Each structure stands twice: as C-alpha cells, then as structure tokens.
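In what follows, a structure is listed as structure tokens, so that the remarks can point back to it.
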Amino acid sequence: MNNPTVEALIAIAAALLVAAGVAWAGSQGGLAIGGLPLFALAAVVAFVIQWVVFVPSYRAQTEKFYDITGSATYLTVVIGTLLLAGRLDARSLLLTLLVVIWAARLGTFLFRRIQKAGADTRFDDIKPSFVRFLMAWTLQGLWVFLTLSAALAAMTAATVPSFGLLGWVGLAVWLLGFGIEAVADAQKQAFRNDPANKGRFIQSGLWAWSRHPNYFGEITLWTGIALIALPALSGWQYVTLISPVFVYFLLTRVSGIPMLESRADDRWGDEPAYQAYKARTPVLFPKPPRGGD
C-alpha cells in the first residue's frame, strides 16, 4: 500500500475510535432503546448512512451526493432521536427545529452549487481510490455525529431541566450565527452569478469583515446549540460539548480555511489588490473594515 492509502486507513480508524469514545461518554445516564443507548444508536446511524451511499458513489465515481447525504444524515439522526426518545420538551423540540432549519438550508445550497459546477475538485485525487474515498465519507459521518453530539446528549438525557436563561442565550447565539452564514453564502453566490466578477474574489459585504464569514457563522451557531444543550448534561455527557470545538478545529485546521486560503493564494497571490485585502481583513473573526478601504 502507498502512503496515501495507509494514511486514509489510519484516518478511518481514528475517526471510529473518536466516535466510539464520544458515543460512550454521551450515553452515560441517557435513555436506551432495547438495551442500546439511544445516543450510541445515533452515532451508528450517522456512519451507516455514509457507507451505504458511498458504495454506489464509488462505483459511479461521483461526489455529487456527498453534501446532500451529509445534510440528510443530520435530518435523519436528529428527527429519529426525537421520535425514539418520545419526549416533546421545549429543549428537544427547539434543538431539532434549529438543526432541521440549518441542515435544510445548507444542504440545498451545497447541492445546487455542485449541480451548477458539475463537480467538486476536492475529490478529484481521492475518488479513484476505494480507501481514500471511503475515508472522506467516514469523516463526514464523524462530522455529523460530533457536531450533533451536544444536542443529542441533551435530547437523550435522563433528566429534563427547564429551558432557562441559558437556553435563550443559546438561541440568540444560534440566530446570530445562522444569519451570518446565510447572508455570507447569499452574498458570495450573487457575486459569482455576476459575469462581471468572473475570475475575481469577493471583498464586499460580510466578506469585507472576514475572509471566511460563513465559517464564523457556522462555528457561532453550533456554539449556540451547545449552550442550549448544556443545562441537560451531566457527568461524562459534558464531553459532548466538544461539538463547537470540533467545528472550529475542522474549519480552521483541516478541510475549510487552509484549503481555501491555499487555493486563493495560488490564484490571486501575486495581485496587489488581493494582498491588500488579506492585509486588512481577518481570516475568520470579523472586524469592521477600516475607513477608506
């Protein structure tokens, strides 16, 4: 086996080990179905859906269903957990609603984008390899499970505390993050749809405040979810608060910002206008643009 294949196998094993650890922690003191912790069952479903869709995707050598499968998994897991838990308390209903709204919007946006583009170049090198392509789908299962973990732990917790002030604070944080992400995505799509901007980079709207405002919104909204979930957690379940930390790590260290920054540097790195944009605009956390910029 060549090195990329070995690395992919290691990544798959690591993803499953991390998921198993969080599944164990989040299941402590939680609801069970037929003796199986409901939280752990959600983890299994998140991965199985990816692997089921991976098989025809690998055979057809297509990544067109990757993003929509991720969104569908969020919907399946959170709605399924709500129904199996059999509880319709305010916290569980709100967490489900917020995840459904986010997943439906993002999934639709990403699916339309890849349909228009025709392909996702991130997968060009890994699609021909069974193991490396499987790694991508397995990591998506981990992404779904870990980002949902705080919400799932709260929905399957043995106790149902009142919604409380922290719940309202979490909702406000979620609304802020969701609004930033949705507006940033819409602004970038409108920019790309204008023929006059072909081959150019966006530096207006929220993109004048941050080079990746959509990712800032993503991290913020999952922080809001964690705050809403927090009062229902206890003991080992606090491990599930890794959710927004994982989103931050993924977007800033793995597949989000590093990849896009490298691609942008390759494309516009020699242009003075892009160098000026990078110099005055923070990479993630928004800052008002300076007067005259």
Side-chain angles (χ1 to χ4, degrees), residues 15-50 70-103 140-175 177-178 219-250:
L16 295 178
L17 284 173
V18 170
V22 175
W24 177 85
S27 297
Q28 302 306 301
L31 301 176
I33 299 293
L36 178 65
L38 185 51
F39 184 86
L41 177 61
V44 172
V45 171
F47 283 97
V48 168
I49 292 175
Q50 310 312 308
S71 296
T73 305
Y74 276 101
L75 297 175
T76 301
V77 171
V78 74
I79 294 174
T81 299
L82 178 71
L83 296 177
L84 289 175
R87 292 197 316 224
L88 300 179
D89 60 282
R91 177 174 285 101
S92 295
L93 287 172
L94 181 61
L95 288 170
T96 301
L97 177 63
L98 297 183
V99 171
V100 166
I101 291 172
W102 170 82
Q140 178 159 260
L142 181 68
W143 170 57
V144 171
F145 175 56
L146 288 190
T147 50
L148 272 180
S149 59
L152 296 176
M155 293 167 65
T156 59
T159 59
V160 186
S162 61
F163 192 69
L165 177 61
L166 192 56
W168 292 109
V169 171
L171 176 59
V173 172
W174 184 91
L175 288 171
F178 181 80
I219 295 165
T220 301
L221 71 87
W222 284 110
T223 300
I225 292 287
L227 290 173
I228 295 171
L230 179 57
L233 308 181
S234 63
W236 280 102
Q237 290 176 331
Y238 288 121
V239 170
T240 64
L241 293 176
I242 192 177
S243 168
V245 178
F246 172 74
V247 174
Y248 175 84
F249 175 78
L250 185 69

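Everything numeric here is computed off the predicted structure, so don't read it as measured data. We count residues from 1, following the sequence as given.
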### Message
Can you confirm whether W143 sits close enough to F246 that some side-chain heavy atom of one is under 4.5 Å from a side-chain heavy atom of the other?
### Response
yes
Write down the atom of [X], the atom of [Y], and the distance for their closest heavy-atom approach.
X   : Y    : value
G70 : V144 : O-CG2, 3.9 Å
L38 : T81  : CD2-O, 4.0 Å
V22 : F39  : O-CE2, 3.3 Å

Supply the atom-to-atom distance [X] [atom1] to [Y] [atom2], rounded to the nearest 0.5 angstrom.
X    : Y    : atom1 : atom2 : value
F178 : I225 : CZ    : CD1   : 11.0 Å
L41  : L84  : CG    : CG    : 6.5 Å
T240 : Q28  : OG1   : CD    : 12.0 Å
L98  : L171 : CG    : CG    : 6.0 Å

### Task
Measure centre to centre between the rings of W236 and W24, then say whether the value is under 6.0 Å.
yes
### Task
Without swapping roles, check the side chain of S243 against the backbone of T147 for a donor-acceptor pair under 3.5 Å.
yes
### Pairwise salt bridge (Lys or Arg N to Asp or Glu O under 4.0 Å) hits with a residue in residues 71-87, at least two apart
R87-D89
### Query
Hey, are T223 and Y248 close enough side-chain-wise for a donor-acceptor pair under 3.5 Å?
no
